[in-house]
Each structure stands twice: as structure tokens, then as C-alpha cells.
2 protein chains.
Amino acid sequence: MSQCDIRYHGRMARWQPDARGRLEAAALELFRERGFEETTVADIATRAGLDKRTFYRLFGDKREALFSGSGRLEEILVKAVAETDAAPFEAVVAAFRRVAEDLFADRLELVRMRHSIIASSPELQERELRKTGALAAAVTVALRANGLDESTAILATESGATVFRVAYARWIAPDSDATLADLIDEVAAELRTVTSAPRER
Amino acid sequence: MSQCDIRYHGRMARWQPDARGRLEAAALELFRERGFEETTVADIATRAGLDKRTFYRLFGDKREALFSGSGRLEEILVKAVAETDAAPFEAVVAAFRRVAEDLFADRLELVRMRHSIIASSPELQERELRKTGALAAAVTVALRANGLDESTAILATESGATVFRVAYARWIAPDSDATLADLIDEVAAELRTVTSAPRER
DNA sequence: GAGGGTGATGTCACCTTGCGACATGACCGT
DNA sequence: ACGGTCATGTCGCAAGGTGACATCACCCTC
């Protein structure tokens, strides 16, 4: 209930259903049509039938319209870490695999599109990096709640995040056709090889 | 020669020696005194005896005044990677150790101060993340120039960068007194342990 | 040594971001 | 019917960031 099927009958409909979702959609469209820097917040609001000020009430800034999914991502990730009892690095990798299955499966094209927008703007790349960092911090907290010491938690988090980043990059590469979950396992195995102590040379 | 000891004699000295350096210093002072957000670019320029427009000719944006060192960092890092013939992960770690020795030794307090400013502003954190990312990209390129394939180069870079990030975090922690170079070795060893294949459980 | 080029700077005008303050109008309770 | 609440629109403004143009010292050349 709350605010789903409310109708206004006055001459001016002040209230619009799902303002947030409509602004996100409008932003995505405009970023694709003209690019991120070339579209103003006023443009986005107008296309959504709303005011610039309303946009800023729902989003912290212009970039946030592209990052609404990160809350859900963190939620899944933290829960998966909390529920496991595997070794730390394995736990993180498994959590990311879970994310891959729950959030990314069958969405390659959408993810590619979003990625191409982000890749086109330094500002958006910075925001993406920050979201990733916040995610890592949340994972570290979850690991520590499992009883791990800070050092190990941070290292396992960073290593797991590295695996995910690399697997993600391969997944969205133009010629890729593997599953993100499979790529994660693949990269995790490679990481073990790369970091294993070098033999005498 | 070029522009070092030029003097103006006209009634208004239009040209100021080392405008860039003076702007950086002014920015650092003001960020410390009032914080990043509370400082305007006009403030910085005024303290340096220059104009806002001049600031924007020398720096891409307000944050850049804090990141002038990253060029030198990348230079050292890439050179160190190019000159080694060690295994990829070891090469990257060694390169970061070189950076620790050449650029960070005996500068703990300066680095801590800079870090506390950055930590106080999300905008600055984003920029720092982007700088780190750009650094990683440069390292990957350098590794590939050594004949490595893309996958291995990326993984080694990311792993090495993880080691550096964690070591750096420990180094600037309030109670730390180890050398950054030593911490890098310490963390590299831990990473090998954390990612090593789990025994049967 | 006068004149023109060059390069760093100042000045001005402008757009956009992002936010505070206030008004409005629809919904909801009693 | 009345007041409260909440989402929204309107207005104004500080600050970030940029283009266009003027200015002035320096340098080179004739």
C-alpha cells in the first residue's frame, strides 16, 4: 500500500507514481542518447515530468541516478558472507558468485550498456570506484563479525574483490560468452597461481 | 633558464614564479585550516596571489591541487616494473617497494596529513581511487610490455596493488612504526597465505 | 630600438550543480 | 471540516567550471 495506486483529480497532478524509477529511466535514456556530460539534471527531470529540485531530493547528485542497484548488491553480498563458514578468501569469492547468480545472470546486455556509459565519463568512473570501495568495506565488516581479525578480513576482502573485478571485466568484454559465476571461479584459481611463492629461478 | 629568475618591473607584477607550486601550497593550507568543502577555489587563488581562472588553467579541477605527486609516482612504478625480470606478482610488489623507498620514506607525517584531508571528503576519496586505478592501468601496460599476456598482467597488477593498499593503510595507522617497505613484504606474505588453496575441511 | 609574436595572466560573462527556504496542494487522521 | 504531513514546485543563490577577450612582460627579428 503506502503510495502505489493513489490518483490525483485536481487540475494539476502534483504527485507522480514511482518518481524515483521514472527519473532513473529518464537519466539512463538521456545518458545513452547524448552522453552524461551533455545532459543536465533539468533535462532528466523534464523528461520524467518532474522538477530539477525533485531530482535532488531523491538522488544525492546527478551520478546517483545510475547507481541505484548498489544497495541491493551490498545486501546480498553481506548476507552471503555472514551465512558461510568457509575460509575467508573462499567465503568472499563465494559471496561474489552468489551476487553473480542473483543479480547479474541474464543481464549481460544491460550491464554492458551501463558500463559503456560509465566508461565514457571520468566522473562516473570515480563514483563507481567509490561504490566498489564501500562494498568492500561492508564485506570486511561482515567478515569481522564472523570472528576474523582485521588484517585477514581486509586482505580476504581485497583479494576477493580483485577476483570479482577481473572476472567482471572479462564477462563484459565484447567477445566473452562465459557465465560470470564461472569466470569468478576461473579467476580465483588463476589468482592462487599468480601469487603462489615463486620457485627458485 | 626558461622562467626561474625573471623579474617584472612594471607597476603590476603579472607573472609570479612557480604559480603551480604556490597554488598547491595555498590549497593544502586552506584545506587544513577550514576543510576541503569549506574552501573555495577563489580562496586558494587569492591566498596564492592569483586569480581563480589561473587556478583552472593549471589544475583540471579543485581536487587536483592535492594530487600533483601522482605523475612522479607512476613514473617510478612503471620504470621499476620495466626494469625487472622477476615473476609478475613479485615484479609489481618490488616496484611498489621501490616507490615506498624513493617517495614515501621519511614522509609519514606529510602522508598522514594528506590522508586525513582526503578522508574527510568523499569527493577527494573518489579522486584518490581514480588515481590509484590509473596507476594500476599503467602498471598493467608495463607488464604487458615485458611480454606477459593480458590476464596475467591484470591479475598481478591487482594483486600487487592490493598488497600496497593494505600495507599503506597499516603504515599510516596511528600506532604503526614499521617501514612502508617492510609492511609491503609482510602483507605480500600474508596474501600468499590467504589465497592458498584451502585444505580439506 | 621599434614592431610583432608568444605565453601567462586577469576580467567578464555564462552555464551547471547543488542546496536552503518557502509556498502549494493532495492525502490522512480525527 | 480542520489541521498535519508529505511530495512537489518555485525562487534565489553560492560555488564549480569554461569560453572569449584584453593585457602585459618577455623575446626575437629586422
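The sequence lines fix the lettering, A, B, ..., with proteins before strands; numbering per chain opens at 1.
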Ion pair present between B:Asp43 and B:Arg34, side-chain N to carboxylate O less than 4.0 angstrom? yes

Between A:Arg112 and A:Glu109, is there a side-chain N and carboxylate O pair less than 4.0 Å apart? yes

Distance, rounded to the nearest Å, where [X] contributes [atom1] and [N] contributes [atom2]:
X        : N      : atom1 : atom2 : result
A:Glu38  : C:dC15 : CD    : C1'   : 14 Å
A:Asp43  : C:dT17 : CG    : C1'   : 13 Å
A:Arg127 : C:dT17 : CZ    : C1'   : 13 Å

Does a side chain donor of either [X] or [Y] reach within less than 3.5 Å of an acceptor in the other side chain?
X        : Y        : result
B:Asp149 : B:Thr152 : yes
B:Arg170 : A:Ser151 : yes
B:Thr195 : A:Thr195 : yes

What string of B, S and - do you get for nucleotides 10-19 of chain D 5' to 3' if you count protein non-hydrogen atoms under 4.0 Å? B----SSBBB

